[in-house]
Amino acid sequence: MIFAGPLVLVRFLRIGLLTMILSLKGILVRIHENKANTWLAHICALLAICALAVGCGGLTGDPDDDNPFLEDFRNTDKADTGWVSAVNAPEVEITLESDIHTPGKWQAVTGPNDLSQFALTYLRKKHKLFIESQMVVPEQDRSVEWLLDGIWVDAEDVNVYTTPLEKLNHFRISGINAVVYKPDQPEALVGKIYEATVPLYPYFLVGSAGETCASHGSHELWDETYWYFWDPDRSECQIEMATMTATVTGMIPKDGPRYPEYDQLIADGRVEAVIFFGAFGGGGPIEEDKGFRSMQSFMRKMEAAGFVQSTSPAGLARFSRTQNNIEQIVDVSSPSDFAGLGDLKHADVFDAAVKTHEIIVYNGHSIMGTSNFWQREGIYPDTYQIFFFNGCLGYEYYVRAILDGKGSWDKADVISNIMETPAAPQPKVIASFLAATFQGAAQEGSVSYGEVLSAISRYTYNSCYGVSGARTNCFSPDGSLCEQPDPDTISYSNEEPTDIPDDDPAGVTSLIQVPDSLIVGELEIEIDLDHSWLGDLRITLEHDGTVFVLRDRVDDYYNVSIRDTFHTDEFDGLDATGTWTLTISDHQNIDSGTLNRWSIEASRQ
């Protein structure tokens, strides 16, 4: 198994080149001194923080004392929104603003992102405000500005190499998404200002502050990860500070209920899911790892629910059953198949599973948002997928990464946790999510995302999970939730040829049925017919009691056909819905003909 150390270092290049060189030098010294195993042990211990943290998530009771696959999750009357949570946890948009000092021009480029990581830790611990990590948010989705001589200037328009460094000391980042956990007055959030204490000079803190400004327990402190342990409220922390403000500038719109796109999930008559059970680490045989034991508990629940075990084409354990003619397939990846987001050796297992499954559940370490597994090109199919990231701070770290990989919310929903996830491999949490989603797919879409999240929340100490991307979903059991804009024009035709009887004043009728509702402002009638003497013909169009005469026995000595478009305002103000009747009558003997086709086009009034 390959751990995440190198990935951590690569992602934290943004902290600054000099910091990177010094840190890399220290690591190389460790390895040179034959202490590579000790270094890897530090990585493992660091990754285990989430598993040991106290917060939301974690199991209650014996993992096998009930089975979500045998329960009914429908119609619990839980309302839901674009970000769905089982508790009061609205999603908002915020702006961060702060002073900053940097050691050089290179750090000034990345300084706002670097400092925001310290705010991420402080705001979630002190204010229960969970902001997206700016290390993973695409630049086009937020705005970074510098305050230069009293004027806000977009960072893209600032040449940091020609601007004096002392002027690059105050910035703001707008357009950041965040979740507020259980606010006292959610209706009054807009305009609220949260404050975060951050280091004015967020570099080389191991040297300048040591461990005085970090609560890291037994874990080794590095400059690259100091932000994760940041604790400026410790009495011995004496470095120079800045106050970063987080101002709520807007509420993410709410509506609901919203559902998974069940129609897309079951279009081929089957729903395929893959569950990644990552390794907890800590040494010892893989069979003794907590992730492995959680996987076994989950598999027992599936067997008890009637799933039949086999082997997938990729060699993973496969469980399948059929409900209401919908085949449910679950492939299970063990810690030995894929250990987690730092397991480069088995990245092909991860890639292949993401490409071929509609539901992807990752249950393991977040490695502090440093993995690029979710952002690599070519691993996502152009089909709808549901992702359940069941690791620490998934909302902050990886929601945007998955969105960036998929390209848009049109084909993705992401369930994640805004807090740490103790005991990350949670058999009941995963089983509840999967059972509720499978039930909705098999029961005509009867389980909403609110009900899915409520099912998950039963097995966590606090309800910290939500779904992103669902706000634009169209499916509902009562019909599409996506309103189609009314067209400015509608057109219908009758392509069936009809004979025109000779010398018959009653004539022949041809009908067009219009299902659309549109108030007519202008109407065009297109006629295509052949007749040996057009002067015999009377042609009328009737709709809703109104009659328009297109032609009434007009002699024509030169033509034996009509291929023309007629315009009229006789139907203005009428609703186009209903029957349109074209009548053609022949009022002299000898000649006959055929109506080949006709059509109408109505423009909105």
Side-chain angles (χ1 to χ4, degrees), residues 57 80 82-85 91 132-133 136-138 177 179 258-262 264-265 271-278 316 329-333 338 340-341 347 349-367 369 371-418 421 424-426 429-438 440-441 447 449 452-453 455-456 464-473 475:
D80 53 4
W83 161 263
V84 181
S85 180
E91 190 174 21
E132 290 180 303
S133 171
V136 300
V137 176
N177 282 1
V179 172
R258 292 288 174 170
Y259 296 78
E261 301 281 24
Y262 287 120
Q264 297 185 49
L265 283 180
V271 181
E272 297 184 76
V274 62
I275 318 295
F276 293 105
F277 283 93
L316 302 180
I329 297 173
V330 182
D331 292 338
V332 178
S333 171
F338 179 71
L341 297 181
V349 176
F350 178 88
D351 293 352
V354 171
K355 288 179 182 178
T356 56
H357 292 78
E358 296 157 303
I359 298 175
I360 295 92
V361 180
Y362 174 78
N363 196 75
H365 290 301
S366 296
I367 58 175
S371 172
N372 68 347
F373 268 63
W374 300 102
Q375 291 173 298
R376 288 171 301 143
E377 295 183 0
I379 69 170
Y380 296 99
D382 187 28
T383 54
Y384 172 70
Q385 294 176 295
I386 300 174
F387 298 84
F388 181 13
F389 189 92
N390 193 34
C392 292
L393 281 66
Y395 174 86
E396 292 90 326
Y397 292 154
Y398 291 119
V399 168
R400 285 297 184 117
I402 294 172
L403 171 60
D404 192 35
K406 287 292 287 186
S408 77
W409 285 127
D410 292 343
K411 296 295 182 180
D413 296 334
V414 184
I415 294 176
S416 61
N417 192 354
I418 61 173
T421 306
Q426 302 173 59
V429 169
I430 299 171
S432 295
F433 157 71
L434 205 56
T437 306
F438 277 168
V447 180
Y449 262 129
V452 171
L453 270 296
I456 292 174
C464 312
Y465 292 90
V467 59
S468 300
R471 188 170 61 249
T472 57
N473 285 6
F475 177 86

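Only heavy atoms go into these numbers, but all of them, side chains included; no hydrogens, no water, no symmetry mates.
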Partner set under side-chain hydrogen bond (donor to acceptor under 3.5 Å, both in side chains) for D413, not counting sequence neighbours: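 Per chain and number, D413 pairs via side-chain hydrogen bond (donor to acceptor under 3.5 Å, both in side chains) with Y384, Y449, N473.
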
With under 30° as parallel and over 60° as perpendicular, where do the rings of Y259 and F475 fit, or are they tilted in between?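 Ring orientation, 0 to 90° scale: perpendicular.
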
Measure the acute angle between the ring planes of F388 and Y465, then classify it against the limits of 30° and 60° as parallel, tilted or perpendicular.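 Perpendicular: the ring planes of F388 and Y465 meet at over 60°.
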
Please find the pair of heavy atoms, one from [X] and one from [Y], that lie closest to each other, and give the distance.
X    : Y    : value
E358 : L265 : OE2-O, 3.0 Å
V452 : I415 : CG1-CD1, 4.4 Å
Q385 : I360 : NE2-CD1, 3.3 Å
A441 : Y262 : N-CE2, 3.4 Å
Y362 : G340 : OH-CA, 3.5 Å
G391 : S366 : C-OG, 3.4 Å

Would the distance check show the side chain of K406 and the main-chain N or O of A401 forming a donor-acceptor pair, the cut-off being under 3.5 Å?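 No: the side chain of K406 does not pair with the backbone of A401.
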
Side chains of [X] and [Y], heavy atoms from C-beta outward: is any pair under 4.5 Å?
X    : Y    : result
S416 : Y398 : no
V414 : L403 : no
R400 : N177 : yes

Once you round to the nearest 0.5 Å, how far does [atom1] of [X] lie from [atom2] of [Y]?
X    : Y    : atom1 : atom2 : answer
L341 : Y397 : CG    : OH    : 12.5 Å
F387 : I402 : CZ    : CD1   : 5.5 Å
F276 : S333 : CZ    : OG    : 5.5 Å
E261 : T383 : CD    : OG1   : 12.5 Å

Quick one: are the ring centres of F373 and F338 less than 6.0 Å apart?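 Distance test on ring centres: under 6.0 Å, yes.
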
Could you tell me whether W374 and F350 have their ring centroids closer than 6.0 angstrom?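 Ring-ring flag for W374/F350: true, centres closer than 6.0 Å.
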
Residues that D351 engages under salt bridge (Lys or Arg N to Asp or Glu O under 4.0 Å), provided they are two or more places apart: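 D351 satisfies salt bridge (Lys or Arg N to Asp or Glu O under 4.0 Å) with R376 once adjacent residues are dropped.
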
Test side-chain contact (heavy atoms from CB on, under 4.5 Å) applied to N390 and I456, I430, N417, I275, the passing residue: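 Result for side-chain contact (heavy atoms from CB on, under 4.5 Å) with N390: I430.
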
